[in-house]
Amino acid sequence: MTSPNGPAPAPDDSPLPARPRLIATDLDGTLLHDEKYVSDRTIAALAAAEQAGIEVFFVTGRPARWMDVVSEHVHGHGMAICANGAAVVDLHAGGKLLHVRPLERDTALAVVQALRDAAPGTTFAVELTTGIHYEPTYPPFHQDPGATVATAEKLLQAQAQAQAQEQDAEDESAAPVVKLLAHHPDLTPDGFLTVARTAVGDRATITRSSPSALLEVSGPGVSKASTLALCCAQRGISSDEVVAFGDMPNDLEMLTWAGTSYAMANAHPDVLAAASGRTVTNNEDGVAIVIEQLVARRRADGH
């Protein structure tokens, strides 16, 4: 396939899968340019993939409320996997939640205590299905209307008590937790990740996607890969029929699960080592280049 920018160069010498059925791509640092937009070339490639019968899933650490940047570019099914696998949403229905794999609040409280002990100075935010809440000293970010500012213990405790009493808490703050965010002002990103995983063990899944020391905590066993595997099983799609793209540690499990995977040239060293292939950077439309080749192969084979 020839793109508007000319023939697509081969990202590397890795073989392309014979008949891919699904493309799973991360967003930030992967599909999106650094300025947080989808290029015209990538928009055309995504549409061409769907027209060729290859489903495209956006698989991201972003919450559903931050999916506007790509919501109009999901064709057919309209589904996306958000919050590192904790939520499956229908973008055609405005981000309607189809499935949630929550982080139980008593587990989140135990993680908070473990990280306070192991890495003093850690501050937290709590991402719910309804929005984010955070501690007073958590780093400034795009503040959501209606966010509650309080200690993580206070943010998490009310629903934990209600669950223990087998009661339903009706206030907004009692919505399911999809992610706990932990930030440290002094540790290195990978150093903080190592400390946290040692302190928490298998009680939760801990990863990161930020260039800063910001960790993302999900329920045990919850990851982009495990939720993608569930969605693929529902469609009768095997891992060998999946092509995945990513750039950061929260993509690692997905890239190793997929039959074919590509690390962006701008990816974390662990991602570069784990992926079966490599493409150019997100700012050079690395995902689009591979998709163009996949579609061209499919057309050449008469599919």
Side-chain angles (χ1 to χ4, degrees), residues 1-14 16 20 22-50 54 56-63 66-75 80-84 91 139 141-142 188-190 207-214 216 224 228 242-252 254-256 258 260-297:
M1 178 178 178
T2 300
S3 79
N5 298 326
D12 62 12
D13 295 328
S14 300
L16 294 170
L22 188 141
I23 291 166
T25 179
D26 173 52
L27 295 182
D28 297 283
T30 300
L31 189 79
L32 303 180
H33 280 222
D34 287 347
E35 293 79 13
K36 307 303 181 187
Y37 72 93
V38 186
S39 72
D40 290 343
R41 184 177 189 175
T42 298
I43 291 170
L46 294 173
E50 294 275 1
I54 306 171
V56 178
F57 269 43
F58 299 133
V59 188
T60 178
R62 288 183 173 221
W66 286 2
M67 295 296 286
D68 289 350
V69 67
V70 293
S71 58
E72 64 186 271
H73 305 307
V74 174
H75 306 267
I81 296 171
C82 298
N84 289 330
L91 297 182
F141 68 107
H142 299 295
T188 65
D190 287 334
T207 189
R208 75 174 190 88
S209 60
S210 171
S212 65
L214 177 64
E216 301 163 64
K224 290 184 176 185
L228 178 62
V242 176
V243 181
F245 298 86
D247 73 306
M248 289 297 281
N250 65 328
D251 297 313
L252 279 169
M254 178 175 74
L255 295 175
T256 55
T260 304
S261 59
Y262 287 89
M264 313 306 292
N266 50 284
H268 186 280
D270 290 349
V271 175
L272 291 168
S276 59
R278 185 180 300 188
T279 186
V280 296
T281 68
N282 60 313
N283 289 330
E284 298 172 287
D285 296 326
V287 173
I289 288 173
V290 177
I291 293 176
E292 289 166 359
Q293 294 177 344
L294 293 172
V295 172
R297 168 78 65 83

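For this chain, numbers begin at 1 and follow the sequence in order.
- Annotation: side chain of Val70 is not in contact with side chain of Thr60 (no heavy-atom distance under 4.5 Å).
- The side-chain hydrogen bond (donor to acceptor under 3.5 Å, both in side chains) search around Asp270 returns none, not counting sequence neighbours.
- Counting all heavy atoms, side chain and backbone alike, Val38 lies closest to Val69 at CG2-O, 3.8 Å.
- The two residues Thr281 and Met264 make their nearest non-hydrogen contact at C-CE, 3.8 Å.
- Contact of the Ser261 side chain with the Ser276 side chain is registered, since non-hydrogen atoms from C-beta on lie closer than 4.5 Å.
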Go through the steps for Ile81 and Phe58 under the test side chain to side chain contact (heavy atoms under 4.5 Å, CB included), then give the verdict. CA-CA 6 Å; Ile81 296 171; Phe58 299 133; over 6 Å; no
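- When all heavy atoms are compared, the tightest approach of Val242 to Ala24 is CG1-CB, 4.4 Å.
- When the side chain to side chain contact (heavy atoms under 4.5 Å, CB included) test is applied to Pro189, the partners found at least two apart in sequence or on another chain are Arg208.
- Under the 4.5 Å side-chain criterion, counting only non-hydrogen atoms from C-beta, Leu31 is not in contact with Phe245.
- For residues 22-33, the pairs satisfying salt bridge (charged side-chain N to carboxylate O under 4.0 Å, His left out) are Asp26-Lys224, Asp28-Lys36, Asp28-Arg62, with sequence neighbours left out.
- With values rounded to the nearest 0.5 angstrom, Leu272 atom CG is found 8.5 Å from Asn266 atom CG.
- Here the shortest heavy-atom pairing between Met254 and Leu228 reads CG-CD2, 3.8 Å.
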For Asp247 and Asn282: C-alpha separation, side-chain torsions, deciding distance, then whether side chain to side chain contact (heavy atoms under 4.5 Å, CB included) applies. CA-CA 9 Å; Asp247 73 306; Asn282 60 313; over 6 Å; no
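- Under the 4.5 Å side-chain criterion, counting only non-hydrogen atoms from C-beta, Val287 is in contact with Thr30.
- For Ser209, the side-chain hydrogen bond (donor to acceptor under 3.5 Å, both in side chains) test picks out Glu216, with sequence neighbours left out.
- Nearest heavy atom pair, residue Gly246 against residue Ala267, reads O-CB, 4.3 Å.
- The side-chain hydrogen bond (donor to acceptor under 3.5 Å, both in side chains) search around Thr42 returns Ser39, Asp285, not counting sequence neighbours.
- Ser212 is linked by a side-chain hydrogen bond (donor to acceptor under 3.5 Å, both in side chains) to Ser210, counting only residues two or more places apart in sequence or in another chain.
- Every pair passing ring pair (Phe, Tyr, Trp, His ring centres under 6.0 Å) that includes a residue from residues 24-43 is listed here, sequence neighbours excluded: His33-Tyr37.
- Residues passing the side chain to side chain contact (heavy atoms under 4.5 Å, CB included) test with Ala49, sequence neighbours excluded: Ile23, Ile54, Val56, Ile291, Val295.
- Counting heavy-atom neighbours within 6.0 Å of Asp34 CG, excluding the residue itself, gives a total above 12.
- In this structure, the side chain to side chain contact (heavy atoms under 4.5 Å, CB included) partners of Ala274, at least two apart in sequence or on a different chain, are Leu252, Thr256.
- Residues Leu27 and Met67 form a side-chain contact, since some pair of their non-hydrogen atoms from C-beta on lies under 4.5 Å apart.
- Between the OG1 atom in Thr279 and the CD1 atom in Ile289 there is a gap of 5.0 Å [rounded to 0.5 Å].
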